[in-house]
Student: 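Please read through the structure below; I'll follow up with questions.
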Number of protein chains: 2
Amino acid sequence: MHSEVVASRSADQRDSSRESRNGTPTLDAVSLAIIQQLQEDGRRPYAAIGKAVGLSEAAVRQRVQKLLDQGVMQIVAVTDPLTVGFRRQAMVGINVEGDVESIADVLTGMSEVEYVVMTAGSFDILAEIVCEDDDHLLDVINKRIRALPGVRSTESFVYLKLKKQTYMWGTR
Amino acid sequence: MHSEVVASRSADQRDSSRESRNGTPTLDAVSLAIIQQLQEDGRRPYAAIGKAVGLSEAAVRQRVQKLLDQGVMQIVAVTDPLTVGFRRQAMVGINVEGDVESIADVLTGMSEVEYVVMTAGSFDILAEIVCEDDDHLLDVINKRIRALPGVRSTESFVYLKLKKQTYMWGTR
DNA sequence: CACCAGTTCTGCGAAATCCGCAAGTCTTGG
DNA sequence: CCAAGACTTGCGGATTTCGCAGAACTGGTG
């Protein structure tokens, strides 16, 4: 069923993760294959994964543990926020004067902020907000975000309908 | 450690999911608590979850299975795309003339498109693109998206730095 | 080339978990 | 009152997880 990853034990196969210049670990083909397996089913048994990627159960277990410890991946339940009672979501584009990153850090600290990314283009920051209702959303955008010193302007895009949400990188 | 969900067996506790008018299942407090547990650790044993939410192991197992079958949640590994070899990402704001939803559907079908949402505001659609390099990104945006009939204009926000990415709805 | 240190992989038992099933309770709705 | 649905308890057997010791490989060093 799952195409076997041929384990030609040469070169870069070994050392599953090595610190590269920028600090983020580099992943080898086997770890990638493991992640791929877990993207299909986060609860798939280690033995089954091992069979698919050509490793022993224990080895898979070690690698998964390391990937989790390193923060390279996390195994979690994901849901459609609407189903879980969060009825209002929005993407907020933000323009900043001064230090962009410090503003981004503050946003990161807000529990309603699900997603923060610094961008090139007509916004400096994009932030996704997840709220329970309109009042809550309004409060976060107007009272908390726009009030931040350094925030020059914001533009909101209220979500009408979520069409796609995948977690299948590498599975193509 | 985890605050126990007191199972006062009245009213809405029973029938874990019921079809509501719009087709999406309504979740009760217990299912929410289960999801919350699995958002902290997607591999947490059913028995441990049961202890935390006040249900038997078997009951948790049944509920989780149903939640998965219904598509309310999925248990998966999530990663930082950068670490997995996708070096270029962008959010694309799109303006459409004619049927917005049909355009959104087409985008949904593209494997590079990770996220599609219809919005209110100066964009009709926001789509997140995940690519391996600049060429790939350019190709998707200019050749595939802008070429779609009905797409009036697009604006791209290339990601410089991902600051936050959570999956902890309900865990606040 | 030999040796060492560090890391990864394998191969086990032992413990824990998962899974299916059956019988009994409770509640809701017709 | 009966039927349906959900939960519990209890139970084995199959499977999975877990910890650990030993083997294998890599890279660096004298």
Side-chain angles (χ1 to χ4, degrees), chain A residues 1-2 4-21 25-35 37-38 40-70 72-77, chain B residues 1-2 4-21 25-35 37-38 40-70 72-77:
Chain A
M1 175 177 269
H2 301 293
E4 177 115 357
V5 171
V6 181
S8 62
R9 255 61 203 278
S10 60
D12 59 2
Q13 294 288 35
R14 216 153 274 300
D15 57 331
S16 53
S17 67
R18 181 180 35 221
E19 288 289 324
S20 64
R21 288 127 306 266
T26 305
L27 300 181
D28 66 0
V30 179
S31 288
L32 233 37
I34 291 175
I35 292 175
Q37 292 286 319
L38 289 170
E40 292 174 16
D41 174 7
R43 274 182 170 256
R44 185 164 295 168
Y46 296 135
I49 298 174
K51 195 162 301 180
V53 308
L55 233 57
S56 72
E57 176 267 339
V60 173
R61 202 188 331 139
Q62 290 167 18
R63 287 174 94 121
V64 169
Q65 193 54 53
K66 176 179 287 191
L67 290 171
L68 294 174
D69 290 341
Q70 286 178 154
V72 173
M73 75 170 180
Q74 37 184 335
I75 301 176
V76 294
Chain B
M1 175 176 261
H2 301 293
E4 176 117 358
V5 170
V6 181
S8 63
R9 256 56 205 281
S10 59
D12 59 1
Q13 294 289 35
R14 225 155 263 305
D15 55 330
S16 53
S17 66
R18 179 181 37 222
E19 288 290 323
S20 64
R21 288 130 306 266
T26 305
L27 301 181
D28 67 0
V30 179
S31 288
L32 234 36
I34 291 176
I35 292 175
Q37 292 288 317
L38 290 170
E40 291 173 17
D41 175 7
R43 275 180 170 259
R44 184 163 297 168
Y46 296 137
I49 298 174
K51 196 162 301 182
V53 308
L55 233 56
S56 70
E57 177 267 344
V60 173
R61 207 191 322 146
Q62 291 167 21
R63 288 222 187 197
V64 169
Q65 193 54 53
K66 179 180 288 188
L67 289 171
L68 293 174
D69 290 343
Q70 286 177 153
V72 173
M73 75 171 180
Q74 36 184 337
I75 300 176
V76 294

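In what follows, every chain begins at residue 1, and chains take the letters A, B, ... in the order their sequences are listed.
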Student: Report the distance from atom CG of A:Leu38 to atom C1' of D:dT17, rounded to the nearest whole Å.
Tutor: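 Roughly 15 Å, once rounded to whole Å.
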Student: Starting from the first five and the last five pairs of the helix from C:dC1-D:dG30 to C:dG30-D:dC1, work out the angle between the resulting helix axes, to 10 degrees.
Tutor: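 The helix from C:dC1-D:dG30 to C:dG30-D:dC1 shows an end-to-end axis angle of 40°.
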Student: Return the value, rounded to whole Å, for the distance between atom CG of B:Leu27 and atom C1' of D:dA6.
Tutor: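 B:Leu27 atom CG is separated from D:dA6 atom C1' by 16 Å.
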Student: How many whole angstroms separate atom CG of A:Leu55 from atom P of D:dT17?
Tutor: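 Going from CG in A:Leu55 over to P in D:dT17 covers 15 Å.
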Student: To the nearest Å, give me how far apart OH (B:Tyr46) and P (D:dC7) are.
Tutor: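 About 15 Å, once rounded to whole Å.
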Student: Would you kindly give the CD1-to-P distance between A:Ile34 and C:dT8, to the nearest whole Å?
Tutor: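 Rounding to the nearest Å, CD1 of A:Ile34 and P of C:dT8 are 12 Å apart.
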Student: Of the candidate nucleotides D:dT9, D:dA6, C:dT10, which contains the atom at the shortest distance from the side chain of B:Lys66?
Tutor: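 Given the options D:dT9, D:dA6, C:dT10, the side chain of B:Lys66 is closest to D:dA6.
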Student: Which heavy-atom pair separates A:Gln37 from A:Ala52 by the least distance, and what is that distance?
Tutor: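 That closest heavy-atom pairing would be NE2-CB, 3.6 Å.
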Student: Rounded to whole angstroms, how far apart are CG on B:Asp28 and P on D:dC7?
Tutor: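 Value for this atom pair: 8 Å.
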Student: Of all the nucleotides listed (C:dC18, C:dT10, D:dT9), which has the minimum atom distance to the side chain of B:Ser56?
Tutor: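 For the B:Ser56 side chain, the nearest candidate turns out to be D:dT9.
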Student: Among residues at least two apart in sequence or on other chains, which ones pass side chain to side chain contact (heavy atoms under 4.5 Å, CB included) with B:Leu32?
Tutor: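 If we apply the side chain to side chain contact (heavy atoms under 4.5 Å, CB included) test to B:Leu32, skipping adjacent residues, the hits are A:Val84, B:Leu27.
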Student: Rounded to the Å, how far apart are A:Arg43 CZ and D:dT16 P?
Tutor: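 To the nearest whole Å, that distance equals 13 Å.
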Student: Side-chain N or O of B:Arg63 versus OP1/OP2 of D:dA6: is the shortest distance under 4.0 Å?
Tutor: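 Result: no.
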Student: Output yes when a side-chain donor or acceptor of A:Arg63 lies under 3.5 Å from a complementary backbone atom of A:Ile34, and no otherwise.
Tutor: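 It does not hold such a pair.
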Student: Any heavy-atom pair between the side chains of A:Ile75 and A:Leu38 that's under 4.5 Å?
Tutor: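 Side-chain contact under 4.5 Å: yes.
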Student: Which residues pass the side chain to side chain contact (heavy atoms under 4.5 Å, CB included) test with A:Ala48, sequence neighbours left out?
Tutor: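 For A:Ala48 the side chain to side chain contact (heavy atoms under 4.5 Å, CB included) partners, ignoring immediate neighbours, are A:Arg44, A:Pro45.
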Student: Does the side chain of A:Arg61 come within less than 4.5 Å of A:Gln65's, by heavy atoms?
Tutor: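 Heavy-atom side-chain distance check fails, nothing below 4.5 Å.
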Student: Can you measure A:Leu67 atom CG to C:dT7 atom P for me and round it to whole angstrom units?
Tutor: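 Rounded to whole Å, this separation is 16 Å.
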Student: Flag the pair B:Gln70 / B:Leu67 as yes when at least one side-chain heavy-atom distance between them is below 4.5 Å, and no otherwise.
Tutor: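 Yes; the side chains approach each other to less than 4.5 Å.
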Student: Just jot down the side-chain hydrogen bond (donor to acceptor under 3.5 Å, both in side chains) partners of A:Gln62, sequence neighbours excluded, or say none.
Tutor: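 Once residues adjacent in sequence are excluded, A:Gln62 has no partner under the side-chain hydrogen bond (donor to acceptor under 3.5 Å, both in side chains) criterion.
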Student: More 5' along DNA chain D: A:Ala47 or B:Val60, using each one's nearest nucleotide?
Tutor: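 Looking at DNA chain D, the more 5' nearest nucleotide goes with B:Val60.
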Student: Between A:Ala77 and B:Met73, which heavy-atom pair has the shortest distance, and what is it?
Tutor: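 Residues A:Ala77 and B:Met73, closest heavy atoms: CB-SD, 3.9 Å.
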Student: State whether A:Arg44 places a side-chain N or O below 4.0 Å from either non-bridging phosphate oxygen (OP1 or OP2) of D:dT16.
Tutor: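 Answer is no, no contact under 4.0 Å.
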Student: Which nucleotide wins on minimum distance to the side chain of B:Pro45, given the candidates D:dT8, C:dT17, D:dT17?
Tutor: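 Per side-chain heavy atoms of B:Pro45, the pick is C:dT17.
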Student: Can you pull every protein N or O that's under 3.5 Å from an N or O on nucleotides 19-23 of chain D?
Tutor:
residue, atom, partner, partner atom, Å
D:dG19, N7, A:Arg61, NH1, 2.9
D:dG19, O6, A:Arg61, NH2, 3.2

